[in-house]
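First up is the structure itself, then whatever we jot down about it.
Numbering of ligands and ligand atoms starts at 1, following listing order.
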Amino acid sequence: MIVVKVGGSAGIDYDAVCADLAARWKTGERLILVHGGSGETNRVAEALGHPPKFVTSPSGYTSRFTDRQTLEIFEMVYCGKINKGIVERLQRLGVNAVGLSGLDGRIFEGRHKDSVRAVENGKVKVLRGDHTGTVEKVNTGLIDLLLNAGYLPVLTPPAASYEGVAINVDGDRAAAALAVALKADALLLLSNVPGLLRNYPDEASLIRAIPAADVESYLEFAQDRMKKKVLGAAEAVQGGVKRVIFGDARAGLPITAALEGAGTVVS
Ligand code: ADP
């Protein structure tokens, strides 16, 4: 089983990802796709007059502050435009894909965090009304049902809280939780960079290999959102996933290239 997470940043080639995914699926490989949509969500939020707000925690992690209106815009883009765009591409390629969010069938479930600690102008503030959380449980029963019936699951945040409220969760960490729950052989975290760069944005500074036991020490090279990917990779290998690969989704055969060792391989 291979879990592929493709991000939502500018430059990602969804046609290339879907073509590679479809070709591999047709050979009988078991695959699941998890996707993001942050770039498009920012654009739509601006257009709707509710611009995105990002907060940085005292420990340096950046996340989207998700009030109710932001959550609704997030759902429009992630579960609507991006999810259905991917499902349509796969259907055209002859793959019977099913697009679901983590809310559907409680595929992704976790605790709702209503408040977030954020650093603003050098001061730590507590912001309330956040609809975020972290995936703690995965409904593998529903995933197995789909896979065993021949459907390719295409999954996206939000997740369901234990109270049944939609919560924004990090896609990389959700994919990591999924890979652990399914005992996946590999987790691919594909984005618009060649992998983890030692001196971001210098693409020549690609880190080729990271020993699984050391992955957290590589957090120092990751800025802003890349930190969540490194954290997700750490969670996946600690949970028993043999290989996590940070790969490039901008062109070519992104899944095949990553599985052949392009990018940053954590093992
Ligand atoms: P996605 O939405 O595609 O999953 P993110 O935007 O969440 O991707 O994270 C990838 C981004 O992290 C890259 O586009 C890059 O701007 C940034 N980044 C920060 N530090 C690094 C690093 N050391 N190596 C690679 N990318 C980095």
Side-chain angles (χ1 to χ4, degrees), residues 3-18 21 32-45 52 54-57 59-66 73-74 77-79 81-83 85-86 102 108 132 134-135 154-158 168-179 187-210 214-236 244-251 254-255 257-258 262-266:
V3 174
V4 180
K5 154 77 189 1
V6 62
S9 304
I12 287 176
D13 186 344
Y14 289 115
D15 289 330
V17 172
C18 289
L21 189 71
I32 297 183
L33 186 66
V34 180
H35 67 84
S38 62
E40 185 64 14
T41 298
N42 294 347
R43 270 190 294 282
V44 172
F54 289 95
V55 295
T56 304
S57 72
S59 49
Y61 287 94
T62 305
S63 59
R64 184 188 296 278
F65 183 74
T66 311
I73 296 168
F74 180 95
V77 176
Y78 278 67
C79 313
K81 184 171 181 182
I82 307 283
N83 189 270
I86 291 173
F108 294 135
T132 60
T134 306
V135 176
V154 178
L155 308 178
T156 183
N168 179 4
V169 293
D170 179 66
D172 296 304
R173 294 180 69 194
L178 179 69
L187 167 65
L188 273 47
L189 299 176
L190 307 178
S191 183
N192 63 349
V193 281
L196 182 65
L197 306 174
R198 193 171 286 272
N199 305 308
Y200 172 75
D202 174 12
E203 297 200 357
S205 70
L206 175 69
I207 298 169
R208 292 216 148 266
I210 299 178
D214 291 350
V215 55
E216 272 164 345
S217 69
Y218 283 76
L219 271 171
E220 66 168 294
F221 301 114
Q223 286 138 41
D224 52 77
R225 302 204 319 229
M226 197 70 194
K227 279 186 191 289
K228 293 264 176 78
K229 287 190 202 300
V230 177
L231 201 62
E235 289 165 352
V244 180
I245 304 156
F246 301 111
D248 199 335
R250 288 174 298 185
I255 299 167
T264 305
V265 182
V266 184

So, do [X] and [Y] sit near enough that their side-chain heavy atoms are less than 4.5 Å apart?
{"X": "V34", "Y": "L178", "result": "yes"}
{"X": "F246", "Y": "V266", "result": "yes"}
{"X": "I86", "Y": "L33", "result": "yes"}

Determine, for K228 against D172, whether the closest basic-nitrogen to carboxylate-oxygen distance falls under 4.0 angstrom. no
Out of [options], indicate the one that has the non-hydrogen atom closest to [atom].
{"atom": "atom 12 (O) of ligand 1", "options": "E220, M226, H35", "result": "M226"}
{"atom": "atom 24 (N) of ligand 1", "options": "N192, T62, L197", "result": "L197"}
{"atom": "atom 8 (O) of ligand 1", "options": "S9, G7, A222", "result": "S9"}
{"atom": "atom 9 (O) of ligand 1", "options": "R198, K229, E203", "result": "K229"}

What protein heavy atom lies closest to [atom]? Include the residue and the distance to one decimal.
{"atom": "atom 20 (N) of ligand 1", "result": "Q223 N, 3.0 Å"}
{"atom": "atom 5 (P) of ligand 1", "result": "R225 NH2, 3.2 Å"}
{"atom": "atom 16 (O) of ligand 1", "result": "Y200 OH, 2.6 Å"}

Main-chain N/O of [Y] paired to [X] side chain as donor or acceptor, under 3.5 Å:
{"X": "S9", "Y": "N192", "value": "no"}
{"X": "D214", "Y": "S217", "value": "no"}
{"X": "N199", "Y": "D202", "value": "no"}
{"X": "S57", "Y": "Y61", "value": "yes"}

Considering the heavy atoms of [X], write down every atom of ligand 1 situated less than 4.0 Å from one of them.
{"X": "I12", "answer": "3 (O)"}
{"X": "S191", "answer": "1 (P), 3 (O), 8 (O), 10 (C)"}
{"X": "L196", "answer": "22 (C), 23 (N), 24 (N)"}
{"X": "K5", "answer": "4 (O)"}
{"X": "G195", "answer": "24 (N), 25 (C)"}
{"X": "F221", "answer": "22 (C), 23 (N)"}

No-hydrogen, no-angle side-chain donor-acceptor test under 3.5 Å, R250 and S191: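 Their side chains do not contain a donor-acceptor pair, so the 3.5 Å distance test is not met.
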In terms of relative ring orientation, are F221 and Y218 parallel, tilted or perpendicular, with 30° and 60° separating the classes?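 The arrangement is tilted - the two ring planes meet at 30° to 60°.
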Just to be sure I read this right, does ligand 1 sit under 4.0 Å from the backbone of L189, its side chain, both, or neither, counting only heavy atoms?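 Neither; nothing of L189 gets under 4.0 Å from ligand 1.
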Ligand 1 contact by G36, heavy-atom criterion under 4.0 angstrom: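 Judged by the 4.0 Å heavy-atom criterion, G36 does not count as contacting ligand 1.
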